[in-house]
Amino acid sequence: MSTVPRVPSAVPGQPPAFHTVLAHAPAIQQRFADLYGAFWMDSALSQRDKEITRIRNARVTACGFCRQVRFSLAREEGLDEATLDLVTDAYLDAPLSPREKRILQYTDAIIGDPSRADPALGAALRDELGDAGLAELTLGVGLFLGLAKVLITLGLEPEEMPVTILPTPGSSAYRPQAAPAG
Amino acid sequence: MPQSVIPGPLAGRLAPIPALRDGFEQFLAACFDTAAVPAATLERCRRLVAALHGADPADCGPALAELPPAEAEALARAELPPGLPRADALALDIARYIPWSHHDLPDAPVLAFRGEGGDRATVTLLAALAMFDAVCRMTLVARRLEGA
């Protein structure tokens, strides 16, 4: 792992960070910001479901930045640190709901070994989340994974970072220029 | 009508959220920007990432260039073809870490690729590699769960 940026900032006077480095490729930056905001504002899945999924990816992919970020709307829905502390490798034995455990299993199927995905899990999730919810979960996991790997391979991992609550992308408090991948 | 950059099984899974699927399509198209990284370089990387997943290259994104058959066969075995341009060899050296060992990627090949191609190419390459990997995983899971 590198905590030394491998590409400098594209924004004069600003340090290397996800948005300032991604600015070397403005189309990627803009389309990601548009998509990520739309994803978080869509309602096929709850903010809580998305945040639990994002944190699971952050911990499995060991994205130091992503795992320290918390998005505000999930907080406002009541998702607290005690619950997020349950999103470990032992989540199947944790006091999470069966639905949440299946969401985490599906997340693991994508970010772990896809060949181990269980068709029965897909059927159960389709019943619980609906086709749109399962589609949104699939997209979210892919975005969380992809952007975590971009952040890590660009060397943009922080050496240390406290838990930090940021406005949810796409929300009224969100400012794209300050937006990390999360 | 331009060809979709989202593999068929994954496009089917995302069909119930058409606006987000379209946004994803546009984001992927920006990542697979052959004006920033040559099409043949990205194509070699797509094929290597697919091979590392044991997947068909079509599962990981759109075909971006035609390659000589011997080269495609080497990449299908997750081998690096001989005689590649330096930037392509560096890109493949980076790509082989992405699916399963992204934290082990050393600085050297990234900095050397940046020296060859510049900042925009490096950002685009790393985004493309991450999304080849993500799309491949999403597609493999969608296919396994198809009909579930």
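A, B, ... follow the sequence lines: proteins, then strands. Residue 1 opens every chain.
- Taking CG of B/D59 as the reference point, atom SG of B/C136 lies at 5.5 Å (rounded to 0.5 Å).
- Looking at heavy atoms from C-beta onward, A/E76 lies out of side-chain contact with A/Q47 at the 4.5 angstrom threshold.
- Of the residues considered (B/D33, B/L14, B/L20), B/L20 shows the highest number of contacts with chain A, using heavy-atom pairs under 4.5 Å.
- By number of non-hydrogen pairs under 4.5 angstrom with chain A, the leading residue of B/V135, B/L28, B/I98 is B/I98.
- Around the CG atom of A/D89, the shell of radius 6.0 Å holds no more than 12 heavy atoms that belong to other residues, nucleotides or ligands.
- By number of non-hydrogen pairs under 4.5 angstrom with chain A, the leading residue of B/P106, B/G54, B/A55 is B/P106.
- Of the atoms belonging to A/L22, heavy atoms from both backbone and side chain fall under 4.5 Å from chain B.
- With a 4.5 Å cut-off on side-chain heavy atoms, B/L125 and B/C45 count as touching.
- Chain B forms more heavy-atom pairs under 4.5 Å with one residue of A/G130, A/P8, A/A25 than with any other, namely A/P8.
- By number of non-hydrogen pairs under 4.5 angstrom with chain B, the leading residue of A/S115, A/A38, A/A27 is A/S115.
- Most heavy-atom pairs under 4.5 Å with chain B, from the set A/P26, A/A117, A/A44, A/A124: that is A/A117.
- With contacts defined as side-chain heavy-atom distances shorter than 4.5 Å, the pair A/L145/A/V60 does not qualify.
- Neither the backbone nor the side chain of A/D34 comes within less than 4.5 Å of any heavy atom of chain B.
- With a 4.5 angstrom heavy-atom cutoff, B/A127 touches chain A via backbone and side-chain atoms both.
- The contact between B/R114 and chain A is made entirely by side chain atoms (from C-beta outward), counting heavy-atom distances below 4.5 Å.
- Scanning residues 99-112 of chain A against chain B with a 4.5 Å non-hydrogen threshold yields A/Y106, A/A109, A/I110, A/I111, A/G112, sorted by number.
- Rounding to the nearest 0.5 Å gives a distance of 7.5 Å between CG of A/D49 and OG of A/S97.
- Taking CZ of A/R6 as the start and OG1 of A/T153 as the end, the distance is 7.0 Å to the nearest 0.5 Å.
- Heavy-atom neighbours of A/E81 CD from other residues, nucleotides or ligands within 6.0 Å: above the threshold of 12.
- Under 4.0 Å is where a charged nitrogen must lie from a carboxylate oxygen, and between B/E71 and B/R47 no such pair does.
- By the 6.0 Å and 45° rule, A/R54 stacks over the aromatic ring of A/F71.
- Neither the backbone nor the side chain of B/L129 comes within contact range of chain A; no heavy atom of the residue lies under 4.5 Å from a heavy atom of that chain.
- At a cut-off of 3.5 Å, with distance as the only test, no side-chain donor of B/T122 or B/D119 sits close to an acceptor on the other residue.
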